[in-house]
Amino acid sequence: MTTNYETMYILRPDLGEEQVEQAVTKYQNLLRDQGAEEIQIQNRGKRRLAYEIKKHRDGIYIQLNYSAPATAIAPFERAMRLSEEVIRYLTIKQDIEEEKPPKEEKEKPTKVAAPAPAPAPAPATV
């Protein structure tokens, strides 16, 4: 059974364009070897970090969306943890709701308005 995941990881800012591509390909292949499918990669570019991580103020953000079995996550994260090029990583399990057919609305009984009371007769004058 496969589940949808999103992994965001931050690479060191001093990596060159070619090194970034190699890192992205490395993790993509690792996921494929573990049985992941529908891998979507988004390079979010170099951005300023909110706080310093491992003496770096900037980082290159990469986002991966994929569906994989649950057993694929541990080896994937272990490879990132041991890598010197990855500063931080986070994997989240996504709950994607499948489209359900719209529910048919039940017909509500309509209230029939009671007839308005007749106006009171005017008082008779003599």
Roughly how far, to the nearest 0.5 Å, is the [atom2] atom of [Y] from the [atom1] atom of [X]?
{"X": "Lys46", "Y": "Leu15", "atom1": "NZ", "atom2": "CG", "result": "9.0 Å"}
{"X": "Leu49", "Y": "Arg57", "atom1": "CG", "atom2": "CZ", "result": "7.0 Å"}
{"X": "Glu6", "Y": "Met8", "atom1": "CD", "atom2": "CE", "result": "6.0 Å"}
{"X": "Ile87", "Y": "Lys55", "atom1": "CD1", "atom2": "NZ", "result": "13.5 Å"}
{"X": "Gln22", "Y": "Gln19", "atom1": "CD", "atom2": "CD", "result": "7.0 Å"}
{"X": "Asn29", "Y": "Leu31", "atom1": "CG", "atom2": "CG", "result": "9.0 Å"}

Listed by chain and number, what are the salt bridge (charged side-chain N to carboxylate O under 4.0 Å, His left out) partners of Asp33, not counting sequence neighbours?
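Not a single residue meets the salt bridge (charged side-chain N to carboxylate O under 4.0 Å, His left out) criterion with Asp33.
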Within a radius of less than 6.0 Å around CD of Glu52, do more than 12 heavy atoms belonging to other residues, nucleotides or ligands occur?
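It does: Glu52 CD has more than 12 such atoms within range.
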Honestly curious: do Tyr5 and Val24 fall in one hydrophobic cluster under the side-chain, below-4.5 Å linking rule?
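Hydrophobic grouping puts Tyr5 with Val24.
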Check the pair Ile60, Ile10 against side chain to side chain contact (heavy atoms under 4.5 Å, CB included), reporting the backbone distance first and the verdict last.
CA-CA 5 Å; Ile60 301 169; Ile10 306 172; 5.9 Å; no
Looking at Arg48 and Asp58, is any side-chain nitrogen of the basic one under 4.0 Å from a carboxylate oxygen of the acidic one?
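Salt bridge flag = yes for Arg48 with Asp58.
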Taking only distance into account, with no hydrogens and no angle test, what donor-acceptor pairs under 3.5 Å do side-chain atoms of residues 63-86 form with protein atoms, sequence neighbours excluded?
residue, atom, partner, partner atom, Å
Gln63, OE1, Arg44, NE, 3.1
Gln63, OE1, Arg44, NH2, 2.6
Gln63, NE2, Asn65, OD1, 3.4
Tyr66, OH, Thr7, OG1, 2.7
Ser67, OG, Glu37, O, 3.3
Glu77, OE2, Thr91, OG1, 2.9
Arg81, NH1, Tyr89, OH, 3.4
Ser83, OG, Tyr27, OH, 3.2
Ser83, OG, Glu85, N, 3.2

Partner set under side-chain contact (heavy atoms from CB on, under 4.5 Å) for Gln28, not counting sequence neighbours:
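For Gln28, the residues satisfying side-chain contact (heavy atoms from CB on, under 4.5 Å) (neighbours in sequence not counted) are Arg32, Ile39, Ile41.
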